[in-house]
Amino acid sequence: MRPEPARSPAEADVVVVGGGPAGLSAALVLGRSRRAVTVVDTGEPRNAPADGVHAFLTRDGLAPAEFVAIARDEVSRYGVEHRSARAVALRRRGERFAVELDTGAVLLARRLVVTTGLVDELPDVPGLLERWGRDVVHCPYCHGWEVRDRRIGVLATSPLSLHQAGLFRQLSDTVVFLPHTSPSPAPDDAATLAARGIEVVEGEVVEVEHADDTLTGVRLADGRRVALEALAVGPRFVGRSQLLDDLGVPTLEHPSGTGLHVPADPMGATEVPGVWVAGNLTDPSAQVIAAAAQGTRVGAAVNADLVAEDTRRARAAAA
């Protein structure tokens, strides 16, 4: 079967804002349902610093840029258009949504799928950002295997850091817990860390040190140095939700306390009719494979919603 030809973006059924795993998965489902779809994306994925995508069956270890290239090629087979641009505003225009781009173009759509992801707000420690995504990591399932058996530090940023320490202990016999500016572990937590052989080193971390493009440790405010080969840190996850403000879609603190997200129902629908979200914008903990699955579900939900609208219009015209 030949793929559907690309159609005018002014006549789009759906504009997908964000071209990561969630957005492209939604576009794939919608394209295969013969919907006119335009994906708007700047090509700045959150996982760009990482060497590879992990825990994605059949794609484990694939470079993030290669993952996106394969996905774009797949969705293009079904007539999905890609716009390399930044969406700067989302507005209501009658029964449609208007997506204003930084190129000056305006796209109209019957429905919106927003998958703009999140920003990792990292602790303000010199040297940390430079190693982010390589030997400074946050997720044991995304990058834990790559730092296995190393001397791993866990920089406390929230109460969840204790849980993080336990997960990284599964990957290495040598884990050091660094309370940093957080309170010292409570007696029960200290006992748990001790039982697992996790050393606690008190003191504020003032620098992440490296040499020859390799992390070597951290320096504390009192001048002590802690030798490390990898550092785990929990960022604050802040959904890129500003575009949704003008549509009245709320941004709330995530129930986990890890940051800000856009709440949605199990199918990705927000409280504003016609607007769906998927991926890290709504689920900060979603790995690539989970974000892709959410996009698939959202694509099916949006198509069903459009089918219902098309049916209502057909019945009204036939009456």
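- Minimum interatomic distance between G248 and E271 (heavy atoms only, all atoms of both residues): O-OE2, 4.2 Å.
- Salt-bridge annotation for R131 and E207: absent, with no side-chain N of the basic residue lying under 4.0 Å from a carboxylate O of the acidic one.
- For the pair R148 (side chain) and W145 (backbone), a donor-acceptor distance under 3.5 Å is present.
- At distances below 3.5 Å, not a single donor-acceptor pair connects side-chain atoms of R91 with backbone N or O atoms of V99.
- At a threshold of 4.5 Å between non-hydrogen side-chain atoms, the residues Q294 and D283 count as touching.
- With respect to the salt-bridge test (charged N to carboxylate O, under 4.0 angstrom), the residues R83 and D41 do not qualify.
- Smallest separation of non-hydrogen atoms from A27 and V39: CB-CG2, 3.7 Å.
- Connection of V200 to L178 is not established within any shared hydrophobic cluster, with ILVMFWY side chains joined at heavy-atom distances below 4.5 Å, either directly or through further cluster members.
- Using a 4.0 Å cut-off between charged side-chain N and carboxylate O, R110 and E95 make no salt bridge.
- Between the side chain of N47 and the backbone N or O of A50, no donor-acceptor pair lies under 3.5 Å.
- By the 4.0 Å N-to-carboxylate-O rule, E44 lies close enough to R86 to be salt-bridged with it.
- The pair R150-D173 fails the salt-bridge criterion, with no side-chain N (NZ, NE, NH1 or NH2) lying under 4.0 Å from an Asp/Glu carboxylate O.
- Formation of a donor-acceptor pair under 3.5 Å by the S172 side chain with backbone atoms of T174 is found in this model.
- In this structure, L128 and L155 have side chains that are in contact, with non-hydrogen atoms separated by less than 4.5 Å.
- For the pair H254 (side chain) and S256 (backbone), a donor-acceptor distance under 3.5 Å is present.
- Pairing each heavy atom of S241 with each of V262, the nearest pair is CB-CG2, 3.6 Å.
- For the pair R134 (side chain) and E130 (backbone), a donor-acceptor distance under 3.5 Å is present.
- Here the CZ atom belonging to R297 is positioned 11.5 Å from the OG atom belonging to S25, to the nearest 0.5 angstrom.
- Residues A291 and A286 approach most closely at N-CB, 4.1 Å, considering heavy atoms.
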For a salt bridge (Lys or Arg N to Asp or Glu O under 4.0 Å) check, start with the C-alpha distance between E121 and R240, then their side-chain angles and the critical distance, and finish with the verdict. CA-CA 12 Å; E121 290 190 348; R240 300 174 190 249; over 6 Å; no
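- With contacts defined as side-chain heavy-atom distances shorter than 4.5 Å, the pair V113/V15 does not qualify.
- Taking the charged nitrogens against the carboxylate oxygens, D310 and R35 do have a contact shorter than 4.0 Å, which makes a salt bridge.
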Checking salt bridge (Lys or Arg N to Asp or Glu O under 4.0 Å) for the pair R224/E202: CA distance, chi angles, key distance, verdict? CA-CA 10 Å; R224 286 178 295 152; E202 301 279 0; over 6 Å; no
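- Taking the six-membered ring wherever Trp is involved, the centroid distance between the rings of H143 and F168 does not fall below 6.0 Å.
- Contact of the L244 side chain with the V275 side chain is registered, since non-hydrogen atoms from C-beta on lie closer than 4.5 Å.
- Under the 4.5 Å side-chain heavy-atom criterion for ILVMFWY residues, a single connected hydrophobic cluster contains both L215 and V176.
- Taking the side chain as every heavy atom from C-beta outward, V233 and T157 approach each other to under 4.5 Å.
- Take D189 and apply the side-chain contact (heavy atoms from CB on, under 4.5 Å) test, not counting sequence neighbours, and it matches L162, P185, A186.
- Annotation: side chain of E146 is in contact with side chain of H54 (closest heavy-atom distance under 4.5 Å).
- Side chains of V14 and W276 form no contact here, defined as non-hydrogen atoms less than 4.5 Å apart.
- The shortest side-chain heavy-atom distance between D13 and R111 does not fall under the 4.5 Å cut-off.
- Remark: side-chain polar atoms of R151 are paired, donor with acceptor, to backbone N or O of A227 under 3.5 angstrom.
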